[in-house]
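To start, the structure itself, in structure tokens.
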Amino acid sequence: MARVSTLLSNQLPEGAARTIFEKVENEYGAFGNMLGVLAHRPASIEHIYGLLLQFAAEGNISKLHLEIVLVTASKANECSYCVSHHAPKLVAQHVSAETVERILDADVPGLGPVELLVRDYALAVTRQRVGDSLVTRLREHFSESQIVELTLRTALCAFFARFNEALDVQLEPEYATADAA
């Protein structure tokens with residue numbers, strides 16, 4: 001059980017935070033437990049998830065690259081909540097379950113050179129070990145705007161991992177059931 005209560009969207013006052021909470025739940029996936037804990041500070045939903053929804057709408061980076069970043073960083077940060085939510089999204093991008101499971105392995109199968117580069121960058125950001133040569137290689141495939149977004153999304157995974165662990169945010173039943181299978 002979470003260390004603070006989990007609010008429902010209808011417990012928020014009408015406004016941006018409530019609208020964003022409902023949009024995330026309806027369009028992005030069942031993140032209700034984390035959103036419900038964040039809802040104690042509605043501005044956190046408005047600004048963090050508002051930003052994430054805006055990024056999704058802009059399509060600055062591909063869903064494949066985004067999910068590689070999110071699964072890699074979430075696994076490296078040992079955030080089972082985020083891995084449970086994003087591993088299926090990576091599989092939906094036609095990445096095998098074996099690849100998803102082994103994404104942190106040096107010899108991960110099933111990723112092309114650019115996808116491996118994205119994975120390596122997500123690991124380097126997570127471990128705070130980004131070198132100039134890695135960024136130079138990224139520049140061959142991504143714009144500065146895309147590199148900033150890849151970096152931001154990777155760094156946010158550390159935030160979410162720490163937040164979820166500290167407040168013991170529980171998996172939603174549909175994800176807990178999938179983990180048990």
Side-chain angles (χ1 to χ4, degrees), residues 20 24 28-29 31 33-35 37-38 41 43-169 171 175:
I20 291 168
V24 169
Y28 194 68
F31 286 84
N33 289 347
M34 185 167 52
L35 288 164
V37 172
L38 282 166
R41 297 296 297 158
S44 65
I45 293 173
E46 184 177 343
H47 296 288
I48 295 169
Y49 273 92
L51 173 70
L52 298 178
L53 288 174
Q54 184 175 349
F55 282 172
E58 292 170 358
N60 191 40
I61 57 176
S62 74
K63 289 183 181 186
L64 172 62
H65 293 144
L66 172 62
E67 294 303 335
I68 289 170
V69 162
L70 298 177
V71 171
T72 300
S74 295
K75 280 185 171 263
N77 284 305
E78 299 179 14
C79 182
S80 61
Y81 183 93
C82 294
V83 170
S84 294
H85 283 78
H86 288 286
K89 291 177 183 283
L90 185 51
V91 170
Q93 294 300 311
H94 309 291
V95 174
S96 75
E98 178 188 10
T99 300
V100 173
E101 182 63 31
R102 294 182 50 198
I103 199 132
L104 298 182
D105 292 358
D107 62 344
V108 62
L111 295 180
V114 175
E115 289 71 35
L116 280 170
L117 178 62
V118 169
R119 188 282 309 257
D120 291 348
Y121 186 67
L123 277 174
V125 171
T126 300
R127 295 174 176 157
Q128 298 179 328
R129 300 285 183 264
V130 178
D132 290 339
S133 65
L134 184 56
V135 176
T136 298
R137 290 178 30 224
L138 271 178
R139 287 177 179 277
E140 294 172 11
H141 304 280
F142 299 97
S143 68
E144 289 186 338
S145 173
Q146 290 171 314
I147 293 169
V148 168
E149 187 171 341
L150 290 168
T151 307
L152 184 94
R153 295 304 300 263
T154 303
L156 277 173
C157 286
F159 162 78
F160 286 125
R162 284 158 183 79
F163 183 86
N164 292 334
E165 190 280 327
L167 296 177
D168 197 20
V169 175
L171 279 173
Y175 288 99

Margin query: Considering only residues two or more places apart or on different chains, which pairs with a residue in residues 108-148 satisfy ring-ring contact (aromatic ring centres under 6.0 Å, His included)?
Written below: H65-F142
Checklist line | With Q146 via side-chain hydrogen bond (donor to acceptor under 3.5 Å, both in side chains) - residues at least two apart | finding: S143
Go through the structure and list residues passing side-chain contact (heavy atoms from CB on, under 4.5 Å) with [X], not counting sequence neighbours.
| X | value |
| --- | --- |
| R102 | E98, D105, D107, V108, P109 |
| N33 | T6, Y81, V169, Q170, E172 |
| A73 | N77, T126, T154, C157 |
| A124 | V130, L134 |

Find the distance between [atom1] ([X]) and [atom2] ([Y]) and round it off to the nearest 0.5 Å.
| X | Y | atom1 | atom2 | result |
| --- | --- | --- | --- | --- |
| D120 | E115 | CG | CD | 11.5 Å |
| I103 | S74 | CD1 | OG | 10.5 Å |
| I61 | L150 | CD1 | CG | 4.5 Å |
| L117 | L138 | CG | CG | 4.5 Å |

Among all residues two or more places apart in sequence or in another chain, which pass the salt bridge (Lys or Arg N to Asp or Glu O under 4.0 Å) test with [X]?
| X | result |
| --- | --- |
| E165 | none |
| E144 | R139 |
| D132 | none |

Grab the two heavy atoms, one from [X] and one from [Y], that are nearest each other, plus how far apart they are.
| X | Y | value |
| --- | --- | --- |
| A155 | V125 | N-CG1, 4.4 Å |
| L35 | I45 | O-CD1, 3.5 Å |
| I68 | T72 | O-OG1, 2.7 Å |
| F160 | C82 | CB-SG, 4.0 Å |
| S80 | L171 | O-CD2, 4.4 Å |
| V100 | A87 | CG1-CB, 3.7 Å |

Notebook entry, point to check: Taking the side chain from S44 and the backbone from L38, do they hold a donor-acceptor pair closer than 3.5 Å?
Noted result: yes
Next item on the list: Could you pull out all residues at least two apart from F31 that satisfy ring pair (Phe, Tyr, Trp, His ring centres under 6.0 Å)?
Entry: Y28, H85, H86
Notebook entry, point to check: Is any side-chain heavy atom of K89 less than 4.5 Å from a side-chain heavy atom of L70?
Noted result: no
Using distance only, find each side-chain donor-acceptor pair of residues 48-58 under 3.5 Å and give its atom names and separation, not counting sequence neighbours.
unit_1, atom_1, unit_2, atom_2, d
Q54, NE2, E58, OE2, 3.1

Next item on the list: For residues 148-163, pull every pair meeting salt bridge (charged side-chain N to carboxylate O under 4.0 Å, His left out), keeping only residues two or more places apart or in separate chains.
Entry: none
